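First up is the structure itself, then whatever we jot down about it.
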Amino acid sequence: MYVVLALCWLVVFFDGLDVTVYGAVMPYMLDDTAFGLDASAAGRIGSWTTFGMLIGALTAGSITDWIGRRTVLVWCVLLFSAGSGVCALAGDPFQFGAGRFLAGLGLGGLMPICLAVVAEFAPPRRMALATGVLMTAYHAGGMAATGLGLALAPDHGWRWPFAAGVLPALVAVPLLLRHLPESPGVLYARGRFEQARATAERYGLPEPSAEDAPRAGASGRLRAVRDLVAPGRAPATLLLWAASFCGLLLVYGISTWLPQLMRSAGYGLSTSVGLLMVINAGGIVGMLVAGRVADRFGAVRVATCWFLLTAAGLALLATGPSLGLTYAVVAFTGVWLFSASTMVYAVAGRLYPAADRAAGLGWVTGVGRLGAVVSPMLGGALVGRGLGSGGFLVFALGGVLGAVTVFLVPVVAAARTRTDAGRAAGKEPGDAAGAGREPGSRVGPTSPGRTR
């Protein structure tokens, strides 16, 4: 388990570095008049990146059970490393945007695969904690990106931080190929039964069976996707998609535009960029806290509270507090902001059974990327209209909506369970309020009550 978590942590670290570096160097890019980038174009380019992530997440979630999770993960790393190299050499905003789109294809596929791999290899009672630990890597990468921006961009130009994004291809890919095990379920589905059993035994996992294996063939993958929106499961799936949309609207909106929003509110350039490191430091603490609390009280409860606390923190920033209070508010907002979105993934990991988990997480993160597509353009519009710190109120609304949608997931899942149990017993749905889960039901590996 620890080897798997460490390798996925390294990959997600580079993910966080690549995503955050754009926000970290954007003020310097906007000041580079020779390059010709303005706030509106910067927002569009940010959306090209997240649109690439949307395509990457949906594609990877569908093909990873076909060609193997390790293989797809390696290709994702190669793609976003190549995209960073294109950005470092770009001669104009269009070429730069093409590089960000290419990087987005790899970045989008990377996260759902790592989440699925960690969820499979983690002990069931530590799934939320393992997810939280994994996501600390994203914020460690974000802090590294901010440090690169502050260290390199003022004196050497904004291109050098992007050049550092080529390193994952040289560092992570050899380690993944040598040490990352393939999913026992995927191996079983591909007919490699002995290797599947040996991998499961080596990592202390239950012996794989046909029920845990992803459905074979293109038709099987299409059925897996259709099952996500089947009549009994559709309401919970749609709510998860909406919660993921709100979470990534906040994550990518704030990661991309926090320095410029603070600068528009009257803070200095170095202070504005430095606050990006502060919010990512808070994110690391939040992931560790949220994972432990969620393992005890449930990922749904934690995600709901964290979304609401994020909204409160962003609303407080809109009031223009003093510099000292701003640092404190940004740090605590980071604690809630990033882990709220991650706990949505933990909810999804428990809701979907093993055979559907990669597809389920791929679509939860993929549809959520629509929020990531919208947020950079939204931030560009807010900054372009001179709203400054008042723009935080718009993002705060996303926190409130995220809390409502994730809170309703176990409510609709429990309603489905009661209805199915009532039908199985030959009763009306209203008579089955106290019934348990229908035997053989594939709502998920845990009951809706445990999902809370």
Side-chain angles (χ1 to χ4, degrees), residues 1-16 57 60-61 63-78 80 106-107 109-141 168 171-190 192 194-209 212-214 284 287-288 290-292 294-295 299 342 345-346 348-350 352-362 365 445:
M1 165 59 195
Y2 296 110
V3 172
V4 173
L5 183 58
L7 289 170
C8 290
W9 194 97
L10 176 65
V11 173
V12 175
F13 170 86
F14 286 123
D15 181 332
I63 69 172
T64 182
D65 293 331
W66 174 36
I67 64 176
R69 294 176 187 174
R70 181 174 60 183
T71 301
V72 176
L73 192 57
V74 166
W75 276 105
C76 288
V77 174
L78 292 173
F80 81 74
L107 294 168
L110 181 151
M111 188 63 74
I113 297 173
C114 286
L115 288 166
V117 169
V118 169
E120 182 172 10
F121 282 84
R125 293 185 178 182
R126 292 291 180 263
M127 187 182 296
L129 177 60
T131 302
V133 171
L134 173 68
M135 293 304 295
T136 63
Y138 180 91
H139 306 292
V171 176
V173 168
L175 292 174
L176 291 173
L177 291 173
R178 183 174 179 82
H179 297 293
L180 184 69
E182 185 55 87
S183 159
V186 172
L187 292 171
Y188 192 96
R190 297 169 71 181
R192 296 159 67 177
E194 291 302 321
Q195 188 177 354
R197 294 188 185 98
T199 301
E201 182 178 356
R202 179 182 178 186
Y203 290 92
L205 304 176
E207 184 173 327
S209 64
D212 299 323
I284 292 177
M287 291 299 173
L288 298 174
R292 290 185 176 275
D295 279 332
T342 300
Y345 305 147
R350 294 191 179 202
Y352 297 121
D356 297 333
R357 190 171 294 141
L361 284 168
T365 57

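All figures in this text were calculated on a predicted structure; none of them were measured in a lab.
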**Item:** ring pair (Phe, Tyr, Trp, His ring centres under 6.0 Å) partners for F121, two or more places apart
**Value:** Y203
**Message:** Nearest 0.5 Å, please: how far is CG in L7 from CZ in R178?
**Reply:** 12.0 Å
**Request:** Grab the two heavy atoms, one from H179 and one from V3, that are nearest each other, plus how far apart they are.
**Result:** O-CG1, 4.1 Å
**Message:** In the structure I gave you, are the side-chain heavy atoms of F80 and L110 within less than 4.5 Å of one another anywhere?
**Reply:** yes
**Prompt:** Are M135 and M111 close enough, and set up right, to give a side chain to side chain contact (heavy atoms under 4.5 Å, CB included), and what steps lead you there?
**Reply:** CA-CA 9 Å; M135 293 304 295; M111 188 63 74; 3.6 Å; yes
**Request:** Can you establish whether the number of heavy atoms outside R292 located under 6.0 Å from its atom CZ is more than 12?
**Result:** no
**Item:** Test item: E201 side-chain N/O and E207 main-chain N/O as donor-acceptor pair under 3.5 Å
**Value:** no
**Complete:** Looking only at heavy atoms, the pair that brings T136 and V133 closest together is OG1-O, 2.5 Å
**Request:** Report the C-alpha separation of V118 and W9 in whole Å, then their side-chain angles, then the decisive distance to 0.1 Å, and conclude whether the side chain to side chain contact (heavy atoms under 4.5 Å, CB included) test is met.
**Result:** CA-CA 10 Å; V118 169; W9 194 97; over 6 Å; no
**Asked** Rounded to the nearest 0.5 Å, how far apart are OG1 of T342 and CG of L115?
**Response** 7.5 Å
**Request:** Grab the two heavy atoms, one from L187 and one from A196, that are nearest each other, plus how far apart they are.
**Result:** CB-CB, 3.8 Å
**Item:** Heavy-atom pair with the smallest gap, counting every atom of L205 and E120
**Value:** CD2-O, 3.6 Å
**Request:** Check T199 against P184 and note the closest heavy-atom contact, atom names and distance.
**Result:** CG2-CG, 3.9 Å
**Prompt:** Atom SG in C8, atom CG in L176: separation rounded to 0.5 Å?
**Reply:** 7.5 Å
**Asked** Rounded to the nearest 0.5 Å, what separation is found between the CG atom of L180 and the CZ atom of R69?
**Response** 10.5 Å
**Item:** pair C114-L73: side-chain heavy atoms closer than 4.5 Å
**Value:** yes
**Complete:** Between C76 and I113 the two heavy atoms that sit nearest each other are SG-CD1, 4.4 Å
**Request:** Calculate, to the nearest 0.5 Å, the distance between atoms CG and CG belonging to L10 and L5 respectively.
**Result:** 11.5 Å
**Message:** Tell me whether E182 is salt-bridged to R192, with the criterion being a basic N under 4.0 Å from an acidic carboxylate O.
**Reply:** no
